[in-house]
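The model shown is predicted, which means the values in this text are computed figures rather than measured ones. As the structure lists them, so they are numbered: ligands from 1, and atoms in each ligand from 1.
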Amino acid sequence: MKCDFRSASLVSDTEFKSSALLLEPFRKLLVKQFTETDYVHKEASIQLPFDEKMMVRVQKLAKTYSSKTLKYLVVIGIGGSNLGTQAISEALPPPLTPPRAGGGSAQILYLDTVSTHTFNNIFTILKTCKSKEEFLLVSISKSGGTTETTANTEALLSALKKPFRNVLDRLVVITGKDSKFWNAATSQNIPCLEIPEMVGGRYSVFSAVGLFPLALAGVDIKKLLAGAKEAVQDGTNQSLKTNIALSSAITSSVSYTKGHTIHNSFFFAPELESLGKWYRQLMAESLGKDGKGLMPIVSIGSTDMHSMAQLYYGGANNAITNVITAPIKGSVKVPKKLAFPGLVETIGGKSLEDIMNAISEGTKTAYKKLKRPIVTFEFEKLDAYELGYYLQTRMIEIMYLAKLMDVDAFDQPMVEAYKKETKILLRK
Ligand code: PA5
């Protein structure tokens with residue numbers, strides 16, 4: 001992954017150095033923690049990529065369901081329980097992922113919020129299955145008591161009874177050990193995978209939460225974790241040149257103190273939109289507290305250049321923009337001999353990738369000329385390794401950023417407040 005935090009971030013060398021110095025004790029703490037295997041610290045999620053035992057447990061269970069018959073995997077979960085999986089599976093759609101051993105690649109269907117529309121769409125798809133072996137339901141909830149996830153799980157199990165009779169044997173549960181959900185599921189012999197207590201939802205993508213469904217969808221989870229491991233090593237390294245997490249945290253923090261309170265992840269690859277939404281949750285829930293917080297937004301290039309560019313370039317100068325680019329696979333070309341010559345002459349003979357590159361470079365140059373801060377991230381390849389690297393880097397970045405902003409990156413008291421109020425209302 002190639003990044004540029006210097007040329008257009010409007011952050012000076014002195015600012016980089018002084019923030020890095022402030023973070024030095026925390027960086028040293030992270031170095032110590034990732035080499036441990038105990039999951040006792042708040043930052044414990046950085047141990048996940050190195051957890052061989054967990055990986056074996058996940059692979060073993062995935063293997064028992066992996067077959068050519070399996071067509072659909074329904075991931076029932078919300079927030080940290082589905083966003084990471086969705087980010088990766090959409091960035092690596094089935095034809096581009098290597099087929100998994102013993103089978104094809106199951107298509108993941110996501111059931112997060114309570115919506116009759118989405119529920120019926122999924123139910124209609126599952127009803128087309130000739131047997132229940134063609135689908136698997138994976139219900140994921142760290143707390144084991146999230147209203148939406150519990151309601152969707154119950155409603156789907158019940159609806160599927162009619163066409164397939166009992167489908168409890170097509171359910172896998174991923175939850176905190178000893179949660180009510182864990183106890184209820186194990187007492188009915190439903191296979192359960194554990195989320196370590198100290199790993200919060202938004203930091204859990206490299207636990208069973210992400211790895212189990214992704215393995216069944218044909219994603220190379222070993223490669224994903226290899227990328228994450230390298231990111232932990234680089235992200236705890238002292239050098240600002242190679243430590244992307246540290247450099248990125250510093251640019252966002254310095255920009256924030258200068259009034260750039262909006263953080264725009266601008267992806268010039270539409271298949272990365274869910275990656276932006278995963279990061280949005282990570283940043284919002286980790287930093288939005290004590291009256292502080294960057295407002296994370298996600299933009300898609302070039303689509304949003306046709307709807308948001310006026311505001312981004314001409315409105316209030318209050319955003320730090322991350323321009324994220326990725327290579328396009330396959331080659332589609334505009335013909336040299338155009339059917340409508342004289343409209344846009346410069347595109348003749350160019351590939352769609354050439355055109356997208358020109359648009360993203362043009363976008364960056366315009367930001368620079370207007371002196372609106374940007375940093376750039378460039379995926380050299382869009383594969384499991386680079387995605388693992390990116391997600392892990394972002395999680396470490398947010399830990400550094402929370403330190404600089406002096407907030408706790410790991411709690412979410414206000415999310416709990418809304419969950420509590422919802423339960424009170426439903427009791428009526
Ligand atoms: O990151 C978090 O902690 C939250 O966004 C949760 O992931 C989300 O609220 C879902 O909670 P649970 O996994 O307990 O069902």
Which residue pairs satisfy the side-chain hydrogen bond (donor to acceptor under 3.5 Å, both in side chains) criterion with at least one member in residues 70-79, sequence neighbours excluded? K71-E134
Is any side-chain heavy atom of T153 closer than 4.5 Å to a side-chain heavy atom of L137? no
Taking the six-membered ring where the residue is Trp, are the ring centres of F5 and F377 under 6.0 Å apart? yes
Please name the residue in the list K289, K42, K292 that meets the salt bridge (Lys or Arg N to Asp or Glu O under 4.0 Å) test with D408. K42
K368 atom NZ, neighbour heavy-atom count above 12 within 6.0 Å: yes
Below 6.0 angstrom between ring centroids: does that apply to Y367 and Y312? no
Atom-level proximity to ligand 1, residues with heavy atom under 4.0 Å: I78, G79, G80, S81, S141, K142, S143, T146, G201, R202, Q281, E285, Q412, K419
